[in-house]
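Okay, structure first, notes after.
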Amino acid sequence: MFISFEGIDFCGKSTQIKLLQKHFEDKKFEVRIIREPGGTEISEQIRTILLSKKNNLMTLETEILLFSSSRAQLVREKLRPYLDKGYYVISDRFHDSTTAYQGYGRGIPLETVKHIHEISIGNTIPELTFFIDIPVAEAERRMGLISSNELDRIEVSKKTFFEDVRKGYLEIARNEERFRVLNGLNSIEEIHEEILKEIDNYEKGK
Ligand code: ADP
């Protein structure tokens, strides 16, 4: 089973992924976590270029192609082999991040974004996608709790950019049946329980 987690930075993805990983491991399932951008040696090198604050001249086109290159490598080198072996794969971000950030956020036409996905992932699409939704003000509050020089190139973007990204995610959620929208203001435990319930319902319906 292939599950992805989406949302603006600081929405709680890594927190929930760790809890879900533990849940599957307790059940003795084989689980693999992949993180985006990155996850293979080549993809991690691309990640360094993408997130470095030195690269403030990076164009939109370069950015979307680099994110997608990193993903294309990850899909073929790791993700498809894991799924072929029957593992549970949880991805911290996947192609919906590109649609939300580079499409809705930076304004690359959605048709173009779709074509790029066709090349980078083909038909390797998550079965379930959990979108953890928080208001941008809450992301800023959580961001304020960490030191500003720990933030990466994307995390230091302007507030209006994150508003557009969030609206983009909500729009994708309306169009994609695999999306589950979770209220990220609920407690960590409540969100985890809801995720387990959704996975259970999904598996019963298969
Ligand atoms: P992401 O991986 O989406 O960037 P994290 O899981 O790292 O987000 O969480 C960002 C911050 O918010 C962390 O300090 C985390 O402890 C906190 N956090 C996560 N989930 C919640 C929640 N439901 N309520 C309040 N704080 C949360």
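Ligands are counted one by one from 1 in listed order, and the atoms in each one are counted from 1 as well.
Geometrically, ligand 1 and G12 share a nitrogen or oxygen pair separated by less than 3.5 Å. Looking at ligand 1, you'll find an N or O of N186 within less than 3.5 Å of one of its N or O atoms. Distances between N or O atoms of E138 and those of ligand 1 include no value under 3.5 Å. For ligand 1, the polar-atom distance check against S14 finds a nitrogen or oxygen pair separated by under 3.5 Å. Remark: ligand 1 and R141 share no N or O pair separated by less than 3.5 Å (distance only, no angle test). Below 3.5 Å of separation, one finds an N or O of F10 facing an N or O of ligand 1.
Put simply, atom 2 (O) of ligand 1 has protein non-hydrogen atoms near it, under 4.0 Å away. Under the 4.0 angstrom criterion, atom 27 (C) of ligand 1 counts as having a protein heavy-atom contact.
Between P126 and H95 the shortest heavy-atom distance is CD-CE1, 3.7 Å.
Side-chain atoms of E138 and L185, non-hydrogen and from C-beta on, do get closer than 4.5 Å to each other. For the pair Q73 and I46, the minimum side-chain heavy-atom distance is 4.5 Å or more.
Protein heavy atom nearest atom 11 (C) of ligand 1, with residue, atom name and distance: R142 CD, 4.0 Å. Taking atom 20 (N) of ligand 1 as the reference point, the nearest protein heavy-atom neighbour is I188 CG1, 3.6 Å. Nearest to atom 15 (C) of ligand 1 among the protein's heavy atoms is T15 OG1, 4.0 Å.
For the pair R106 and F161, the cation-pi test (distance below 6.0 Å, angle within 45°) is passed. Taking the centre and axis of the six-membered ring of F10, the NZ or CZ atom of R142 falls outside the cone set by 45° and 6.0 Å.
Each of the atoms 23 (N) of ligand 1 lies under 4.0 Å from some heavy atom of I191.
For I195, the side-chain contact (heavy atoms from CB on, under 4.5 Å) partners two or more places apart in sequence, or in a different chain, are F5, Q16, L20, F130, L182, I191, I199.
Every heavy atom of G7 sits 4.0 Å or more from the atoms of ligand 1.
Residues Y202 and E127 have side chains that bring a donor and an acceptor to within less than 3.5 angstrom of each other.
Surrounding CD of E118 are more than 12 heavy atoms belonging to other residues, nucleotides or ligands, all under 6.0 Å away.
The salt bridge (charged side-chain N to carboxylate O under 4.0 Å, His left out) pairs that include a residue from residues 67-80 are E36-R71, where partners are two or more places apart or lie in different chains.
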